[in-house]
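Here is the structure we will look at, set down as structure tokens.
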Amino acid sequence: MAYRSTERTEQHRAARSAALIDAGLALVAEGGFSAATIARVAERAGVSTGTVYTYFPEKSALTAAVFERAAGIELEMVRSAVAFGTAARLETPAIQRLDALVRVFGSRALRGRTLAMALLFEAADVGVERERLLFRRAYTDTVAEVLADGVVEGTLPPERIDLLAPAIVGALGEAFIRPLSPAADGRSDVDTVEVLDSLAAACQRLAGFEVASADPSRAGDPAGRPPTTTTALRPPTT
């Protein structure tokens, strides 16, 4: 009975902690990290501020957990789009996988501008900055795998991937400052497509791929035929 009681208690704590993180994430998506105060998180979760401090002794611990949850979701979506770490990734040319990476990352950011701005650029405490660094490295590893596969398949020269991959990640992040700014909230779907087309082509060129068309969806095909996308690389819908 004591074991079951302890197990039930731990499950309750895990569920309450997850609910607090969910409440914080909802607030960050609405107004950035500055909106996710302890008082507002408590109110959104329907608990007292003391309860929040029971699970997160400092606000920085809560914001770091919120960042980890939100950034983890985005990383998972991007890695799923490029079949990261699976044999299935080799069924699709590396240039198309880099295109998919940019488009999934970018389209999700443009659909949730406030959250994207918070995750990418908002000044935050040291816990968030530490998480940012970890996830930047994870994105770099994701791009590096795509580039390494490009070298193996012969579509990329054997460059310094350890330098090129972080350069692409850094350039991609910086490129979204203007599209994600509040002044860009009224951009149309056509503008969004243009942004993604431009950034996908730019990242392909930076990587060293031969982009034969101004339309990156046709990159790598001199006849201008759209590439075949495998099931593994169809962008996630959630």
Side-chain angles (χ1 to χ4, degrees), residues 1-82 84-85 101 104-142 166 169-170 172-174 176-177 180-182 185 235-238:
M1 293 296 294
Y3 171 77
R4 287 187 176 181
S5 178
T6 300
E7 182 180 0
R8 200 158 37 243
T9 299
E10 290 303 314
Q11 290 175 347
H12 174 75
R13 286 187 59 83
R16 177 59 62 82
S17 177
L20 293 173
I21 294 172
D22 287 343
L25 177 52
L27 289 168
V28 173
E30 293 171 3
F33 283 104
S34 61
T37 64
I38 293 293
R40 293 189 67 188
V41 169
E43 181 182 9
R44 179 65 65 95
V47 300
S48 68
T49 56
T51 297
V52 179
Y53 282 115
T54 298
Y55 290 86
F56 300 98
E58 299 176 336
K59 182 177 183 290
S60 61
L62 175 59
T63 54
V66 170
F67 184 98
E68 182 180 13
R69 168 75 63 79
I73 292 171
E74 300 307 313
L75 177 63
E76 182 180 354
M77 300 301 283
V78 167
R79 285 188 162 181
S80 176
V82 299
F84 177 78
L101 184 151
V104 171
F105 176 87
S107 62
R108 290 182 62 82
L110 292 171
R111 284 200 305 269
R113 287 188 172 92
T114 302
L115 178 60
M117 284 292 287
L119 295 179
L120 290 170
F121 308 119
E122 184 179 345
D125 54 56
V126 65
V128 168
E129 293 302 331
R130 187 182 303 113
E131 291 295 328
R132 272 203 186 112
L133 178 59
L134 293 175
F135 277 94
R136 190 172 298 133
R137 289 173 179 168
Y139 276 100
T140 296
D141 290 343
T142 307
V169 171
L172 184 59
E174 291 297 312
F176 274 98
I177 292 178
L180 292 176
S181 65
D185 281 346
T237 57
T238 59

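Just so it is clear, the model here is predicted, and its values are computed rather than measured.
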Pairwise side-chain contact, [X] with [Y], heavy-atom cut-off 4.5 Å (strictly under):
X: Leu62; Y: Tyr55; result: no
X: Val169; Y: Thr142; result: no
X: Arg108; Y: Ile73; result: yes
X: Leu172; Y: Leu101; result: yes
X: Glu74; Y: Phe105; result: no

Between [atom1] of [X] and [atom2] of [Y], what distance do you get to the nearest 0.5 Å?
X: Thr6; Y: Glu10; atom1: OG1; atom2: CD; answer: 7.5 Å
X: Ser181; Y: Arg113; atom1: OG; atom2: CZ; answer: 8.0 Å
X: Ile38; Y: Tyr53; atom1: CD1; atom2: OH; answer: 4.5 Å
X: Leu25; Y: Glu30; atom1: CG; atom2: CD; answer: 10.0 Å

Completion exercise
Sorted by chain and residue number, the side-chain contact (heavy atoms from CB on, under 4.5 Å) partners of Ala123 (sequence neighbours excluded) come out as none

Handout entry: side-chain contact (heavy atoms from CB on, under 4.5 Å) between Leu27 and Glu43, intermediate numbers included
Key = CA-CA 11 Å; Leu27 289 168; Glu43 181 182 9; over 6 Å; no

Counting N and O atoms only, with roles assigned by atom type, does the side chain of [X] sit under 3.5 Å from a partner on the main chain of [Y], one being a donor and the other an acceptor?
X: Arg132; Y: Leu119; value: yes
X: Thr140; Y: Arg136; value: yes
X: Glu122; Y: Phe33; value: yes

For a quick test of reading the model, state the closest non-hydrogen atom pair linking [X] to [Y] and the distance between them.
X: Leu20; Y: Ala45; value: CD2-CB, 3.7 Å
X: Ala81; Y: Val104; value: CB-CG2, 3.5 Å
X: Ala42; Y: Val52; value: CB-CG2, 3.7 Å
X: Leu115; Y: Ala70; value: CD1-CB, 4.3 Å
X: Gly32; Y: Ala118; value: CA-CB, 4.1 Å
X: Thr114; Y: Ala29; value: CB-O, 3.3 Å

Problem - Stepwise side-chain contact (heavy atoms from CB on, under 4.5 Å) check, Leu180 with Phe121 - result: CA-CA 10 Å; Leu180 292 176; Phe121 308 119; 4.2 Å; yes

Handout entry: Lys/Arg-Asp/Glu bridge criterion (N-O < 4.0 Å) met for Arg79, Glu76
Key = no

Problem - Lys/Arg N to Asp/Glu carboxylate O, Asp22 vs Arg44, below 4.0 Å - result: no

Practice task
Check side chain to side chain donor-acceptor pair (under 3.5 Å) between Ser60 and all other residues, then give those that pass, not counting sequence neighbours.
Solution key: Glu58

Exercise for the section: In sequence, state the C-alpha distance, the side-chain angles, and the governing distance for Glu131 and Leu134, and then conclude on side-chain contact (heavy atoms from CB on, under 4.5 Å). Expected result: CA-CA 5 Å; Glu131 291 295 328; Leu134 293 175; 4.2 Å; yes

Handout entry: ring-ring contact (aromatic ring centres under 6.0 Å, His included) against Phe56, all qualifying residues, sequence neighbours excluded
Key = none

Exercise for the section: Given side chain to side chain donor-acceptor pair (under 3.5 Å), test Ser48 with Thr51 step by step and report yes or no. Expected result: CA-CA 5 Å; Ser48 68; Thr51 297; 3.0 Å; yes

